[in-house]
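Worksheet: one structure, shown below.
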Amino acid sequence: MPVATLLPFTATPNRKSASPTSFRLTEKFILLLVFSAFITLCFGAIFFLPDSSKLLSGVFFHSSAVETNTRTGPDGGDSGSAGNDERVLAKIRKDHEKALLEAKDTLQKRPDEIKQDILNDKEKVAVDSAGQGGKQVNNLPFVEYHRPPGATGHEPLDPETRDRRTKVREMMKHAWDSYRRFAWGSNELRPVSKQGHSSNLFGSIKGATIVDALDTLYIMEMFEEFDVATEWVEKNLDFNVVSKADVFLLSFFLWQVFRRKAVELGEKLLPAFKTPTGIPWALLNLKSGIGRNWPWASGGSSILAEYGTLHLEFMHLSKLSGNPEFAQKVMNIRKVLNRLDKPQGLYPNYLNPNSGQWGQHHVSVGGLGDSFYEYLLKAWLMSDKTDEEGKKMYYDALQAIETNLMRKSSNGLTYIAEWKGGLLEHKMGHLTCFAGGMIALGADGAPSDKTGHQMEQAAEIARTCHESYARTALKLGPEAFRFDGGVEAIATRQNEKYFILRPEVIETYMYMWRFTHDPKYREWGWEAVQALEQHCKVEGGYSGIRDVYASTPNHDDVQQSFYLAETLKYLYLLFSDDDHLPFDHWVFNTEAHPLPVIRKDKTDRPNEVE
């Protein structure tokens, strides 16, 4: 990915592919990775905190009192974790001792010195505020938000489930500690060679793993590690030094930090929408405001999974900033799509931002297309089920997918194929395996005569994706698997046999467990834990594998940031109770960062304070 030049208007390194042959490059819109990972910390993770308008004025978890309140509040105080209580008490003691020392030092000063210190502090705050950016950023409305329940959870009562959840937390600690020891400040870790890894995926942005892992650290109650991470973000994450970026990636980063930084970055991204149609460019030079698209993308087209995966973050950004322009930009994308004729009701992966016409007719629910469909459903859910347009677009698209792409193998495995100019390619990507969870999440909102049918579809897709794991030597799934030539759920091409710690199969297990409580989904998740521990864990972290069909693993020497942000988070929630980030209060964006449902009734609506 040519991030040395531009910051792609994409979102995260996980699903989308910035190249037709390499899912890794756009796996998730890099700028929406940065912008959405960012916006979760700004709007999502902020909801983990107690009600305090101060938090939204630019201070993130800075006050000791805030930290204590947050971690011993209604979500975490009854968890029964003695270790957590001890950590909180130790934190209180440490802060108390620090306060006493500061008070002692102050009392030893003359009154005129104390007054001067106060003036100096005021001046510093004024200077810092003035340096934050434009007019909109410096005049943000004061907003007090009420935190939804479930930011932290309770220990499961079942001993086996509790032990498995603890094991996942240990995996997170090993991955995080290894990154901190060998690659601190780099985007990712090379766990075999024990050094930092900064691929072109992230451009000139640094610390992707730190930003991506923030909410996972908090959800797992790894508060000491969380404090270290937020301190790094406060001191080192500066988007003013980034000249070129992927729009999708930056938008994910945005939700992971401060409101002020989120709005500042959001404003920097708005020029990406300056096209004849309002469909944004994938790549944007943040200094010049000039955008362009990937050269390989069907005659300079924008990509469905990139421009279609900004909705949740931009809607929240309008609430954070009081600026409706962010919401208007993503709502315009829908207007453009609704005016177009869809072949067989399907959405092709490529759309020309100048002409407003489809590029080549390639349709995929995996790479290049996946999160667009997910965001139609989640926009409806996040709106407290008031976004009827998003709801209709989702269920219409799902019907077209079922009719044209969903097929069943001779041995009864349901899969979602790809559509190229009217012809089916009987291949299903690991990225497509998220669809089982998506369909389960939307089944309750479907017409009553289709709810049961959609839950059956979700269960069948989960089974197929489990089979793709079970039929490998290492019990980890390939990047893509095929259903042709007598082969079912097996990768037949060498360039599809790798596993890069992806989360989509685990994601579907988590959703299926929540909606059915069928114990097989936890068992399947535990199988994945054992395989990760046996084949991916190395002394310096966790590594991807080049060939899951080989008898011994050949490590690719990369610990992806999404392994901490998504894979381990979904595993942890799979072994947690349902009241940990409950679905009626939280919506996960495409990078597994939780965003709160925007309540429309008065009692739940955030109170704005001037």
Side-chain angles (χ1 to χ4, degrees), residues 12-28 305 349 364-371 373-374 405-406 409 413-418 425-439 458 460-483 487-512 521 524-525 527-529 531-532 535-536 542-550 553 556 558 560-563 565-571 590-592:
T12 78
N14 186 4
R15 279 181 198 152
K16 290 54 158 183
S17 162
S19 124
T21 59
S22 168
F23 285 112
R24 169 61 180 153
L25 286 185
T26 74
E27 298 170 34
K28 262 167 198 179
N349 290 338
S364 169
V365 183
L368 305 179
D370 51 1
S371 50
Y373 304 99
E374 172 189 4
L405 305 182
M406 206 173 288
S409 72
L413 292 180
T414 298
Y415 61 97
I416 302 176
E418 296 190 12
E425 183 178 13
H426 296 273
K427 175 187 78 170
M428 184 169 176
H430 193 292
L431 295 168
T432 315
C433 284
F434 89 98
M438 177 187 72
I439 294 171
E460 290 174 2
I461 291 171
R463 175 178 167 238
T464 297
C465 293
H466 174 257
E467 284 299 312
S468 76
Y469 275 52
R471 298 182 184 193
T472 70
L474 303 182
K475 307 307 176 187
L476 294 166
E479 181 69 3
F481 44 95
R482 295 182 178 265
F483 297 84
V487 166
E488 294 190 3
I490 293 176
T492 58
R493 303 182 184 183
Q494 192 59 42
N495 64 356
E496 297 173 347
K497 295 181 178 181
Y498 61 89
F499 172 74
I500 56 172
L501 308 173
R502 285 200 186 277
E504 290 79 19
V505 174
I506 305 299
E507 177 182 357
T508 281
Y509 293 166
M510 188 274 291
Y511 279 105
M512 292 304 298
Y521 296 114
W524 291 353
E527 289 173 6
V529 167
L532 287 166
H535 304 302
C536 297
Y542 290 86
S543 172
I545 295 172
R546 300 185 190 280
D547 186 349
V548 293
Y549 298 94
D556 66 10
V558 179
Q560 309 280 353
S561 73
F562 58 71
Y563 178 65
E566 302 184 62
T567 309
L568 293 177
K569 182 184 295 158
Y570 284 135
L571 279 170
T590 191
E591 298 307 314

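Worth knowing before you read on, the calculation uses all heavy atoms, side chains too, and leaves out hydrogens, waters and symmetry mates. It should be emphasised that the depicted structure is a prediction, and the values quoted were computed from it without experimental measurement.
- By the side chain to side chain contact (heavy atoms under 4.5 Å, CB included) test, A458 is found to be paired with I439, A440, M512, residues two or more places apart in sequence or in another chain being considered.
- Defined by atom type and a distance below 3.5 Å, a donor-acceptor pair is present between the side-chain atoms of S543 and D556.
- Note that CG of L476 and CG of L501 are 8.5 Å apart. Values are rounded to the nearest 0.5 Å.
- When atom types are taken as modelled, the side chain of S364 and the backbone of G367 share a donor-acceptor pair closer than 3.5 angstrom.
- Rounded to the nearest 0.5 angstrom, F499 CZ and H535 NE2 are separated by 11.0 Å.
- By the side chain to side chain donor-acceptor pair (under 3.5 Å) test, Y521 is found to be paired with no residue, residues two or more places apart in sequence or in another chain being considered.
- A heavy-atom distance below 4.5 Å is not found between the side chains of C465 and E504.
- The CD1 atom of I490 sits 9.5 Å away from the CD atom of E467 when rounded to the nearest 0.5 Å.
- Side chain to side chain, E527 and H466 meet the donor-acceptor criterion of an N or O pair below 3.5 Å.
- Judged purely by atom type and a 3.5 angstrom limit, Y563 has no side-chain atom pairing as donor or acceptor with the backbone of G544.
- S409 pairs by the side chain to side chain contact (heavy atoms under 4.5 Å, CB included) definition with N411, L413, Y415, F483, E488, not counting sequence neighbours.
- Looking only at distances, no side-chain donor or acceptor of T472 sits under 3.5 Å from a matching main-chain atom of S468.
- E479 pairs in a salt bridge (Lys or Arg N to Asp or Glu O under 4.0 Å) with only one of the listed residues (R493, R502, K497), which is R502.
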